[in-house]
Amino acid sequence: MGIDLSVIWFIIIVFATLMYIVMDGFDLGIGILFPFNKQDAERNMMMNTVAPVWDGNETWMVLGGAALYGAFPLAYAVIIDALSIPLTAMLLGLIFRGVAFEFRFKATPEHRPLWDKAFIGGSVLAAFSQGVAVGTLLNGLTVSGREFSGSVMDWLAPFPVFCGIGLVIAYALLGCTWLIMKTEGQLHRKMSDLATVLTLALLAVIAVISVWTPLTHPDIARRWFSSPGILWFMPVPVLVLVCSWGIIRSAYSRRANSGPFIMTLVLIFTGFSGLGISIWPNIIPPGITIWQAASPPQSQGFMLIGGLLIIPVILMYTFWSYYVFRGKIKPDEGYH
């Protein structure tokens, strides 16, 4: 049996996407949580928790996009056409967020509120656009031959918009539990109280999507509730409930530990796994598989050599940067 390069590249893209959601999720979540913290000192602390590492988080998005372009060019072309508006909005949001991050620390007190608003708006726009893109992809794209034949406004539908709101809440929870892990004092207590509200809100979003998706997509319903899909799906709701209870219980105790953040990561991973179960083996739902969208094996093999060299370097750099800046932040120390 030969090596299936398409499956390997699909796994790499899924891994890069998951790493981006984890790494940049709590980063965007901090911007989403800014309106809940009006004090300038608290906002400085929030930004200082990610100041040393935030600009490396988008590396995973670049890796995933480049891998999709090289390994599955048909999927790349169709997705770019179908999601041109939300993807452009996402990039604009990331640009605003990045510029505001840098300028806020250098701005005068009179101009700092302007950059705070840009940071909030960019974070919310980027998170919402990513959720809309995922919801549109899950809804399915209209393809004729090898071209997207739907409308560029297909994303403006109830389900993708709801997914956008859901991802904003998910990122807010990631940011909240990250701050629980990285801060102390009043900000830590405030985030501990907010974690319960955000967890219950995310649970409600997951429940609605879990009902909405199979009701509107009979093929996904068959995959979820027929063998062998049901065997993969059964642990998902149990893990969701266990993780949610763990987040609430740990946050309620107000212990300054990493428990809520780790549980949130598992919760996000579980939801992402449910998405994978829903669309596999399609890369363009509802009917184009990874093998139909794949580039020639020679191209995939050549790219894999480079991927096997660069991915360990990114992982080592990521691990080292977070290891160096581990632990609680100090309010009186500069991190930017």
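One-based numbering along the sequence shown.
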For Ser250 and Pro260, which heavy atoms make the closest approach, and how far apart are they? OG-CD, 3.2 Å
Heavy-atom side-chain contact between Trp178 and Val50 under 4.5 Å: yes
Point-to-point distance, once rounded to the nearest 0.5 Å, from OG1 of Thr289 to CZ of Phe10: 10.5 Å
Output for pair (Phe119 CZ, Ile32 CD1), nearest 0.5 Å, gives 9.5 Å
Within a strict 4.5 Å, meaning less than it, do heavy atoms of the Tyr76 and Ile80 side chains meet? yes
Heavy-atom nearest pair, Leu202 first then Ile169, reads N-CG2, 3.8 Å
Set of side-chain contact (heavy atoms from CB on, under 4.5 Å) partners for Glu147, sequence neighbours left out: none
With a cut-off of 6.0 Å (strictly less than), are more than 12 heavy atoms of other residues, nucleotides or ligands near CZ of Phe148? yes
In Å, rounded to the nearest 0.5 Å, how long is the span from CG of Leu63 to OG1 of Thr17? 9.0 Å
Could you tell me whether the side chain of Leu267 reaches within less than 4.5 Å of the side chain of Ile206, counting heavy atoms only? yes
Under 6.0 Å from the CH2 atom of Trp291, do we count more than 12 heavy atoms belonging to anything else shown? yes
Can you check side chain to side chain donor-acceptor pair (under 3.5 Å) on Asp24 and Trp60, steps first, answer last? CA-CA 9 Å; Asp24 214 33; Trp60 295 104; over 6 Å; no
So, the side chain of Ser321 versus the backbone of Thr318: is there a donor-acceptor pair under 3.5 Å, distance only? yes
Do Pro312 and Leu315 touch side chain to side chain, with heavy atoms closer than 4.5 Å? no
Passes side chain to side chain contact (heavy atoms under 4.5 Å, CB included), Leu68 versus Trp9? Steps please. CA-CA 8 Å; Leu68 183 66; Trp9 273 110; over 6 Å; no
List the steps and the verdict of side chain to side chain contact (heavy atoms under 4.5 Å, CB included) for Met90 and Met61. CA-CA 12 Å; Met90 177 195 74; Met61 180 174 64; 3.7 Å; yes
Specify the closest pair of heavy atoms between Leu5 and Gly301, including all atoms of both residues, with the distance to one decimal. CD1-N, 3.7 Å
Can you name the nearest heavy-atom pair linking Ala294 to Ser6, along with the distance? CB-OG, 3.3 Å
Looking only at heavy atoms, the pair that brings Asp81 and Val152 closest together is O-CG1, 4.1 Å
Would you check if Ile314 and Met19 make a side-chain contact, meaning some heavy-atom pair closer than 4.5 Å? no
Look only at the side chain of Asp154 and the backbone of Ser151, and say whether a donor-acceptor pair between them is shorter than 3.5 Å. yes
Taking only residues two or more places apart in sequence, or in another chain, which ones meet Ser144 in a side chain to side chain donor-acceptor pair (under 3.5 Å)? Ser149
Main-chain N/O of Asn37 paired with Arg43 side-chain donor or acceptor, under 3.5 Å: yes
Is a side-chain N or O of Ser129 found less than 3.5 angstrom from the main chain of Leu87, in a donor-acceptor match? no
I'd like to know if the side chain of Thr177 reaches the main chain of Leu174, judged simply by a donor and an acceptor atom lying under 3.5 Å from each other, with no hydrogens or angles considered. yes
Kindly check if the number of other-residue, nucleotide or ligand heavy atoms within 6.0 Å of CZ (Phe302) is above 12? no
Give the minimum heavy-atom separation between Gln292 and Ile288, together with the two atoms involved. OE1-CA, 3.2 Å
side-chain contact (heavy atoms from CB on, under 4.5 Å) involving Leu167 - partner list, sequence neighbours excluded: Gln130, Ala170, Tyr171
Interatomic distance, CG@Leu18 vs CE@Met23, rounded to 0.5 Å, equals 9.5 Å
pair Ile85-Trp155: side-chain heavy atoms closer than 4.5 Å: yes
4.5 Å side-chain heavy-atom contact, Ile180 and His188: yes
Given 3.5 Å as the limit, does a donor-acceptor pair link the side chain of Ser295 with the main chain of Gly70, or not? yes
Working to the nearest 0.5 Å, report the span between CG of Leu173 and CZ of Phe26. 13.5 Å
Sub-4.5 Å side-chain heavy-atom contact between Val168 and Leu28: no
Rounded to the nearest 0.5 Å, what's the gap from CG on Leu203 to CH2 on Trp245? Could you check? 12.5 Å
Does CZ belonging to Phe162 count more than 12 external heavy atoms closer than 6.0 Å? yes
Without swapping roles, check the side chain of Thr88 against the backbone of Ser84 for a donor-acceptor pair under 3.5 Å. yes
